[in-house]
2 protein chains.
Amino acid sequence: MERKVATERQEAFPITYGVLGLLAFWGPLSGYDLKRLFDHVLAPMWSAAHSQIYNELRRMQTLGWVTMERHEQESRPDRKVYQLTQAGQEALAAWQEQPPGVLQLRDELLLKVLFGSFASPDALVKNLQAGITEHEERLLHYRQQLQHLPVRGMQHQPSGRPNPYATEDTEEDAYFSLIGRFAIEFERMYLKWLRETLEYVEQNARS
Amino acid sequence: MERKVATERQEAFPITYGVLGLLAFWGPLSGYDLKRLFDHVLAPMWSAAHSQIYNELRRMQTLGWVTMERHEQESRPDRKVYQLTQAGQEALAAWQEQPPGVLQLRDELLLKVLFGSFASPDALVKNLQAGITEHEERLLHYRQQLQHLPVRGMQHQPSGRPNPYATEDTEEDAYFSLIGRFAIEFERMYLKWLRETLEYVEQNARS
DNA sequence: TATATCATGTAATCGGTTACATGATTAA
DNA sequence: TTAATCATGTAACCGATTACATGATATA
């Protein structure tokens, strides 16, 4: 009879840990910095609007996972610089013990190809060509990024206790290389498929 | 001074055209049928909860893109069977002329690997192994699906006018094969990366 | 006996996006 | 002169998810 109600609100999501991880790795950062890092470093697996990042930072502050320090500036809004706390570091470590959520791919181009029988060959070809251009640019971007791996700034150590799992700086950066390789392999695979599909569609249009 | 307001609400989204395409291809279907088709056919590029599909169907009805027919059943809720209209078919064709939205990948496992330096080797290894199992299953599923391509039911022809772009049945199914191949290539690439990454992490843990 | 499936929906909420807002500096 | 960038946020909305709800039949 009774209705279950008010399931406790979850306090953190992948995007939260994205911010947390960036703060742990690159030390104190502003929302603006984080947005740029998100676009560059997390691009292969998660995206976020800047408004969402500012939101998360506020939420994380109330959770006690970060602290904020206001840096005054002339002729520009103050920089609010956020810094990981001990509790934040612990949350990050605890998250790593949990099984990850399922992968999600959302791709309207694939949807259009799937229902390609309802498109004019012209439209399909145009969309496939645009896709090729876009993914070529992505591939280039990721290749350049792998060669110029972002150098680690001062790492924040809230308690003076070092990250217990990290042995060397080079080892930590290796995870970024692994992700970079994933992104490159993904784009290569996607491009190959796009080119084969385009060839098929063009052949089909000519007949 | 004036504030722009009330930007006209968009009437359709990728998921809308997913439903539309399935209806165009497999003829009259219920929300339940559509959910199952979504999970099987659209799995590689879009996912949807059943509640969302029921919602879309209602919306599409008010747009005049589908019509609903109630099929009574004993001891079970009535089947509401939806059918594409002429306007719906036109909307599907018009959509194909528009450039697609950008691809989005959301993958918490990749995020955990990226910040692997804050994880115990044990946790990372466990998550990677679970990922391998999951993607192996997906690969198997897609491979089986490619061999048993879903047979097309009666196609709905609202105006008696056939799809102007379709030449043969086999040609239309070819697009499904193309998507199937994409899904397989994606899973193969992902698995290869997962195995290499696991090897690296294990090697790193032993030292 | 208990769970899963068939089959359909509603209600509430939430994660994420878009639009609004400001204002200086720098590049085309 | 126009647009882009730096830098920060708020407000509104919306697409999507989760939970609630029902009830028969089939399977373990």
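Hydrogens, waters and symmetry mates play no part in the numbers below; they use all other heavy atoms, side chains included. In what follows, chains carry the letters A, B, and so on, assigned in the order in which the sequence lines appear, proteins first and then strands, with residues in each chain numbered from 1. In this text the structure is predicted, and so the values were computed from the model without any measurement.
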Measure from CD on B:Gln52 to P on D:dT17 and round the result to the nearest Å. 6 Å
Residue mapping more 5' on DNA chain C - nearest nucleotide basis, B:Gly31 or A:Ile15: B:Gly31
Ring centres under 6.0 angstrom apart (A:Tyr142, A:Phe186): no
Students often get this wrong, so: under 4.0 angstrom with heavy atoms, is B:Arg106 touching a base, only sugar-phosphate, or nothing? sugar-phosphate
Can you check the A:Ile53 CD1 to C:dT18 P distance for me, whole Å? 14 Å
Specify whether B:His50 and B:Tyr54 have parallel, tilted or perpendicular ring planes, treating 30° as the upper limit for parallel and 60° as the lower limit for perpendicular. perpendicular
What is the distance, rounded to the nearest whole Å, between atom CD of A:Glu56 and atom P of D:dT10? 14 Å
Helix axis bend for the helix from C:dT1-D:dA28 to C:dA28-D:dT1 - C1'-based end axes, five pairs, 10° rounding: 50°
Let me know the distance between CD of A:Gln61 and C1' of D:dG9, rounded to the nearest Å. 14 Å
So what does B:Tyr54 hit on the nucleic acid, given a heavy-atom distance under 4.0 Å: a base, only sugar-phosphate, or nothing? base
Given atom CG of B:Leu57 and atom C1' of C:dT8, what is their separation to the nearest angstrom? 12 Å
To the nearest 0.5 angstrom, please state how far the CG atom of A:Leu124 sits from the CG atom of A:Asn204. 10.0 Å
Can you measure A:Arg59 atom CZ to D:dG9 atom P for me and round it to whole angstrom units? 16 Å
Does CZ belonging to A:Arg59 count more than 12 external heavy atoms closer than 6.0 Å? yes
Taking 4.0 Å as the cut-off, does a side-chain nitrogen or oxygen of B:Arg58 come that near to OP1 or OP2 on C:dT10? yes
For a quick check of understanding: with a heavy-atom distance under 4.0 Å over all strands, which category does A:Arg70 fall into, base, sugar-phosphate or nothing? nothing
If the condition is side-chain contact (heavy atoms from CB on, under 4.5 Å), which residues does B:Glu108 pass it with, not counting sequence neighbours? A:Pro14, A:Trp95, A:Pro100, B:Lys112
Residue-phosphate contact under 4.0 Å: A:Tyr32 side-chain N/O, D:dT8 OP1/OP2: no
Categorize A:Phe13 for me: base, sugar-phosphate, or nothing, with a 4.0 angstrom heavy-atom threshold over every strand shown. sugar-phosphate
What nucleic acid atoms does A:Gln104 come within less than 4.0 Å of, heavy atoms only: base, sugar-phosphate, or nothing? sugar-phosphate
Atom CD of A:Gln10 and atom C1' of D:dT18: how far apart are they, to the nearest Å? 11 Å
Does the side chain of B:Arg36 get closer than 4.0 angstrom to OP1 or OP2 of C:dT5 through an N or O atom? no
Is there a side-chain polar atom (N or O) of B:Ser30 under 4.0 Å from OP1 or OP2 of C:dT8? yes
Nearest-Å distance, CG (B:Leu37) to P (C:dC6)? 13 Å
